[in-house]
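No hydrogens, no waters, no symmetry mates; every other heavy atom, side chains included, goes into these values. Lettering follows sequence order; numbering is per chain, from 1. As the structure is a prediction and not an experimental result, all values here were calculated from the model.
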Protein chains: 2
Amino acid sequence: MEIIASVAAIPLFRGLTPEQYDQLGTIATVQQFERGQTIFSEGAAGAGFFVVQSGRVKIYKLSIDGKEQILHVFGPGEPFAEVAVFLGAPFPAHAMALERSSCYFFPRAAFTGLIASNPSLAMNMLASLSIRLRQFAHMIEDLSLKEVPGRLAAHLLFLSSQQDGGDRLRLHITKAQLASLLGTIPETLSRILAKLQKQGIIAADGAEITIIDRERLEELASGEARL
Amino acid sequence: MEIIASVAAIPLFRGLTPEQYDQLGTIATVQQFERGQTIFSEGAAGAGFFVVQSGRVKIYKLSIDGKEQILHVFGPGEPFAEVAVFLGAPFPAHAMALERSSCYFFPRAAFTGLIASNPSLAMNMLASLSIRLRQFAHMIEDLSLKEVPGRLAAHLLFLSSQQDGGDRLRLHITKAQLASLLGTIPETLSRILAKLQKQGIIAADGAEITIIDRERLEELASGEARL
DNA sequence: CGCTGCGTTGAGCTTCTTCAACGATCGTGG
DNA sequence: CCACGATCGTTGAAGAAGCTCAACGCAGCG
């Protein structure tokens, strides 16, 4: 089983014993999704959870008139839809593959069995959910207390730190998706990117963005400054 | 120890054995807070987590210019600040007692020890965090995809279901706090409440609110209708 | 070559916030 | 018992931020 070996590389499962990897590898299956394919819809029964193996997956909500708010974009090694496992409840949001992606799938019943007998797996899971919770709290804070330029600035700084920490960074999603992630629309995002460039704070070339005045960007992100 | 007996009544600890209650009661202490007293501030070291015994506690974020976004208002039996336990990280938000309140406090190290040896406690905790996560996802959805009337309508329906499920409900927080919970300001909330009354959808008398046209309220909450 | 998705720009409008003033209530201290 | 201040809630007028609608350029791809 090659699954077993690759499961061991998932951060969520760090620090487990070889036997535990075996168990995980035994219950896991791999699923393939095409770009744009729906992985599950809000309200569907949650039979288990996923971990991205390759590709990119968005988790999102839709309003009644079709507007989208992206909650997360997950890449390799990141779990999603764990909530369904621990509540035995329907998925609370939609999931779609942004590119051709493959995901491990862990069925609910088998996984909860593993947790019950593996305290360190339980602790890993608790830490993972806690991180998620903190991210959501941050998102709520941004949506409610910052304006779009502030959210964008914070996101660019986040991307910079996620990547090499330097001033040059790449967007891994389209600008329309970035807009949805920031809780706004493409038009508004486009205008604000233009403003940031005009003011010499960043330079943008397609998905390639360069931070020119990091200090001002940080002031924007913290809410000290305005555009 | 009276603590042990009362700890058993906390939903988070439902289904544990008497010995487990003993252990929990042993590590728990009780803390008293006055109305308006800060329980902890964002960024402070998280030495453990709390469960409300009596009173009411708000968890909130502040912007640089003092604007507040309430993330949660917790009442008796509800845990808060668990994230600090599982990440060993600083508190990600502020906590303040809205009334004279008392809380159980569970120190981090002792509690993680209990979790490691009590799978059902771990499962309870995972379920608790999952619920929290779902609530946050809902809040993000509301903030980003609904306008204030929709958020208010959804909250009133939520309160109705939380209470007796009937058409008569009470706000347990001030309207200024409700505004902060809904991601807006008191002025806006006041105007929208007035509109809802003028249109015969609700009747409001101070903290006492009566749903008159539940159908229209549901349409507002779902985004089908506008004011 | 034309289609489709992505991104940008402009004009107008809606929603919400800001600023200011004012009434009501409540607890406290004189 | 009353006066006072503080908190809370309401209302009005003006302004800002962001959304909607529409048009258009551009690139990739069948």
Please say which of F91(B), F49(B), F50(B) ends up in a ring pair (Phe, Tyr, Trp, His ring centres under 6.0 Å) with F80(B).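 The passing option is F50(B).
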To the nearest Å, how far apart are [X] [atom1] and [N] [atom2]?
{"X": "I185(A)", "N": "dG18(D)", "atom1": "CD1", "atom2": "P", "value": "10 Å"}
{"X": "K195(A)", "N": "dG10(C)", "atom1": "NZ", "atom2": "P", "value": "13 Å"}
{"X": "L193(A)", "N": "dT8(C)", "atom1": "CG", "atom2": "C1'", "value": "11 Å"}
{"X": "R100(B)", "N": "dG27(C)", "atom1": "CZ", "atom2": "P", "value": "15 Å"}

For a quick test of reading the model: is some side-chain N or O of [X] closer than 4.0 Å to OP1 or OP2 of [N]?
{"X": "T174(A)", "N": "dG5(C)", "value": "no"}
{"X": "K175(B)", "N": "dT10(D)", "value": "yes"}
{"X": "T188(B)", "N": "dT17(C)", "value": "yes"}

Tell me whether the side-chain N or O atoms of R191(B) pair up with the base of dG12(D) as donor and acceptor below 3.5 Å, since no angle test is needed here.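 Donor-acceptor pair under 3.5 Å: yes.
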[options]: which one has an atom nearest the side-chain heavy atoms of [X]?
{"X": "E187(A)", "options": "dA17(D), dC21(D), dC16(C)", "result": "dC21(D)"}
{"X": "E147(B)", "options": "dC8(D), dC19(D), dC16(C)", "result": "dC16(C)"}
{"X": "R226(A)", "options": "dG7(C), dA17(D), dT10(D)", "result": "dA17(D)"}
{"X": "K67(A)", "options": "dA17(D), dT20(D), dG7(C)", "result": "dT20(D)"}

Look at R170(B) together with E208(B) and state whether they make a salt bridge at an N to O cut-off of under 4.0 Å.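 Here R170(B) pairs with E208(B) in a salt bridge, since their nearest N and O are under 4.0 Å apart.
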Picking from T29(B), L24(B), V51(B), what satisfies side chain to side chain contact (heavy atoms under 4.5 Å, CB included) with Y104(B)?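 Exactly one candidate clears the test, V51(B).
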When you match D65(A) and Q197(B) each to their closest nucleotide on DNA chain D, which lands nearer the 5' end?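 Nearer the 5' end of the strand: Q197(B).
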S180(B) side-chain N/O to I70(B) backbone N/O, donor-acceptor pair under 3.5 Å: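 Looks like yes, one N/O pair under 3.5 Å.
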